[in-house]
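Read the structure below first, then the notes.
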Amino acid sequence: MKLFDVYPLNDITITKAQGSYVWDENGVQYLDMYGGHAVISIGHTHPHWVKRIEDQLEKIAFYSNSVHIPIQQQLADKLAKVSGKEDFQLFLVNSGAEANENAIKLASFHNGKKKIVAFKKAFHGRTSLAVAATDNKALVAPVNETDNVDFLTFNDEAALKTYFQTRGKEVCAVIVEGIQGVGGINIATDSFLQLIRRLCDQNDAVFIADEVQCGYGRTGKFFCLDHAGVQADIYTMAKGMGNGFPVGGLLIAPHIKPKHGMLGTTFGGNHLACAAALAVLEVIEEENLIEFAKQRGMYLMNRLRTIDGIENVRGKGLMIGFDVPEDLKDLRKKLLYDFNIFTGEAKPNVIRLLPSLALSRKQSDEFLEALQEAIAELKPKAKKTGSVQQEEEVRAED
Ligand SMILES: Cc1ncc(COP(=O)(O)O)c(C=O)c1O
């Protein structure tokens, strides 16, 4: 049987991983500045994470949500402590799309409304509502098309105010990423997030923060919205939550009340997933990884800003992006195949860095040196054009 061929693959087979490194089947070591798409939070195969999963596996891996699962409450207690959202409620799912799907659905159950405000370049996942709120027509099947979602320009406060002046009372929810990941590392301004909060309050709309990629400590605070001093009504989480074990969740503000049967899942919150998620939070706390990510991110960004050739370095903590000009368009491939470094991308020309929050200083330097060398190797051609252009400009000035 063939695999359903939807993924454009790099021709690499990874067979081993540890910390911020992975190894292919030939034993070649790669530095993972991509974190398997922002998923590896505490480092590949962290010993505490492995042990917790192994111990749990020997007791019980799964039973359905028809019985008490005490490890869910342990996870909720730990999440309350690490996130600071002590009075929120936890609903567990299996992925980012499922978290957003349930968040939008819950918002609509809560206020009885239908209109969802999302933003251009947003990515919220591939299930029905999540994809309808995703600004990429290629991902939306005819059956997912809906008039219930309106897209506004990210960070455009005037447009948001105008929209709410006319349609505010219809709005069920606003869904936003604190930093758009797939969209290219676009950072929401504090004042934009504060405005969303005010408009949601004034119009009985639910503020959904999609923290699937930018949350869980990656930006140097537990939630990206914490930088703006803004509290959402629902936070969605996945990627870094399990460090590679599939688990997602919603943190739900206390004014949104549950009712039996309104949400549900077979696998969400299973024993094994909770053990993995608990291990992640324990390591985040024990190794002070949120502060670590903040410091490491500042170091990387400061150094990246001094590197000739790349442009518009931006980000928070270890969610970093920079633009790659046309003359370096092969940079990402070169980093992968010639320097054995995984990075992420956002089309058309952004390189994204989403490494483990435990990336060491030495590994950061290893990346920075490789990046400079890769640019230098790609540049001669570019430099030549640059200098020819300069000469022509000088002559023109003459
Ligand atoms: C911000 C954001 N939301 C949701 C998702 C979807 O998550 P999943 O692929 O786990 O369904 C992603 C995945 O990249 C994401 O970046």
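Just follow the structure's listing: the first ligand is 1, and inside any ligand the first atom is 1. Given the structure is predicted, the values throughout are model-derived calculations rather than measurements. Position 1 is the first residue of the sequence, and the numbers go up from there.
A donor-acceptor pair under 3.5 Å links the side-chain atoms of Arg296 to the main chain of Leu359, judged by distance alone. Arg197 places no side-chain N or O within donor-acceptor distance of the main-chain N or O of Phe207, the cut-off being under 3.5 Å. In terms of modelled atom types and a separation under 3.5 Å, the side chain of Glu101 and the main chain of Leu129 share a donor-acceptor contact. In this structure, the side chain of Asn100 engages the main chain of His124 through a donor-acceptor pair within 3.5 Å.
In terms of polar-atom proximity, defined here as any N/O pair under 3.5 Å, Ala97 does make such a contact with ligand 1. For ligand 1, the polar-atom distance check against Ala238 finds no nitrogen or oxygen pair separated by under 3.5 Å. Here's the thing with Glu177: none of its N/O atoms is less than 3.5 angstrom from an N/O atom of ligand 1. For Lys239, a nitrogen or oxygen atom sits less than 3.5 Å from a nitrogen or oxygen atom of ligand 1, counting backbone and side chain alike.
The atoms of ligand 1 that sit less than 4.0 Å from any heavy atom of Asn100 are 3 (N), 4 (C). Remark: ligand 1 atoms within the under-4.0 Å shell around heavy atoms of Ser95 are 10 (O), 11 (O). Heavy-atom proximity to Gln213, at under 4.0 Å, picks out these atoms of ligand 1: 16 (O).
Side chains of Tyr21 and Asn340: no donor on one and acceptor on the other come within 3.5 Å. Using modelled atom types and a 3.5 Å distance limit, the side chains of Glu287 and His46 yield a donor-acceptor pair.
Summary of contacts: the protein heavy atom closest to atom 15 (C) of ligand 1 is Phe123 CD2, 3.8 Å. The nearest protein atom to atom 7 (O) of ligand 1, hydrogens excluded, is given as Gly96 CA, 3.3 Å; this is a heavy-atom distance. Closest to atom 3 (N) of ligand 1 among all protein heavy atoms lies Asp210 OD2, 2.7 Å.
Counting heavy atoms under 4.0 Å from ligand 1, residue Thr127 does not touch it at all.
Within a 4.0 Å radius of atom 9 (O) of ligand 1, the protein contributes no heavy atom.
For atom 4 (C) of ligand 1, the nearest non-hydrogen atom from the set Glu211, His37, His124 belongs to His124.
Other residues, nucleotides and ligands place no more than 12 heavy atoms under 6.0 Å from the NZ atom of Lys121.
No continuous path of ILVMFWY side-chain contacts below 4.5 Å connects Met33 to Ile185, so the two sit in separate hydrophobic clusters.
A salt bridge (charged side-chain N to carboxylate O under 4.0 Å, His left out) with Glu282 is found for exactly one of Arg52, Lys51, Lys78, namely Arg52.
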